[in-house]
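Structure first, then comments.
As the structure is a computational prediction, the values presented were derived from the model and not from experiment.
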Amino acid sequence: MRHRNSGKRFKRTSSHRKAMFQNMTNSIILHGMIKTTLPKAKDLRRFVEPMITLAKEDSIAKRRLAFARLRDKDAVTKLFAELAPRFKERQGGYLRILKCGNRKGDCAPMAIVEFVERG
C-alpha cells in the first residue's frame, strides 16, 4: 500500500531523485525555463514553489536554508535578488507547465516548465 507516500519514484534511489530535483531546481532558477518529461515537470513544482515562497522574506536564516537545499551560490543569489521581488504580490502558482509533444526516442510526453511572469 502507498498510503501517505507522496511523489513518484521515477525508478531511482532516493539520493538520485533528490539530486535530480535539486539540479532541475537550480536550472530553472538560473535559466528561467527547462524542458523535461511531463511527470517530472509536475513533481518539480513541489521543490521550486516552496523555494520562491521562502525567498520572499530576505534574511540570513532564509538564505542559509535556501543554500542548504540548493547548494548553488549563484542560484540562491538570483532567487533572492530577482525572482522573489518579481513574485512578491503573488500568493502561489509560480510555474507554468506547457505540454510540447512526445520525445522521439521513447515517445515520452514532454513539457516545458517556465515561470509565470517570465522577464
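- A heavy-atom distance below 4.5 Å is not found between the side chains of Leu38 and Met110.
- Proximity of Val116 to Arg90: side-chain heavy atoms (C-beta onward) are separated by under 4.5 Å at one or more points.
- Enclosure of atom NZ in Lys56 by more than 12 non-hydrogen atoms of other residues, nucleotides or ligands within 6.0 angstrom is indicated.
- Shortest non-hydrogen contact noted between Tyr94 and Ile52 is CB-CD1, 3.8 Å.
- For the pair Arg9 and Arg17, the tightest heavy-atom approach, listed with the atom from each and the gap, is O-NH1, 3.2 Å.
- Nearest heavy atoms, Phe80 versus Ala66: CE1-CB, 3.7 Å.
- Closest heavy-atom contact between Met51 and Leu79: O-CD2, 3.8 Å.
- Annotation: side chain of Ile29 is not in contact with side chain of Asp72 (no heavy-atom distance under 4.5 Å).
- Taking the six-membered ring where the residue is Trp, Phe87 and Phe115 present tilted rings, their angle falling between 30° and 60°.
- At least one donor-acceptor pair closer than 3.5 Å links the side chain of Arg2 to the backbone N or O of Asn5.
- Counting only heavy atoms from C-beta outward, the side chains of Lys78 and Asp74 never approach each other to under 4.5 Å.
- Summarising the geometry of Val113 relative to Ala41, their closest heavy-atom pair is CG2-CB, 3.4 Å, with the distance given to 0.1 Å.
- When the salt bridge (charged side-chain N to carboxylate O under 4.0 Å, His left out) test is applied to Arg46, the partners found at least two apart in sequence or on another chain are Asp43.
- Residue Glu57 holds its CD atom at 12.0 Å from CZ of Arg63, rounded to the nearest 0.5 Å.
- Phe10 and Ile97 fall within the same hydrophobic cluster, defined by Ile, Leu, Val, Met, Phe, Trp and Tyr side-chain heavy atoms under 4.5 Å apart, directly or through other members.
- Put simply, OG1 on Thr25 and CE on Met20 are 9.5 Å apart, with the number rounded to the nearest 0.5 Å.
- If you take OG1 on Thr36 and CD1 on Ile112, they are separated by 11.0 Å, rounding to the nearest 0.5 Å.
- Residue Glu89 holds its CD atom at 8.5 Å from CD of Gln91, rounded to the nearest 0.5 Å.
- Minimum heavy-atom separation, Glu117 to Arg86: O-NH1, 2.5 Å.
- The closest donor-acceptor contact from the side chain of Gln22 to the backbone of Arg69 lies under 3.5 Å.
- Note that CD1 of Ile28 is 13.5 Å distant from CG of Asn23, once rounded to the nearest 0.5 Å.
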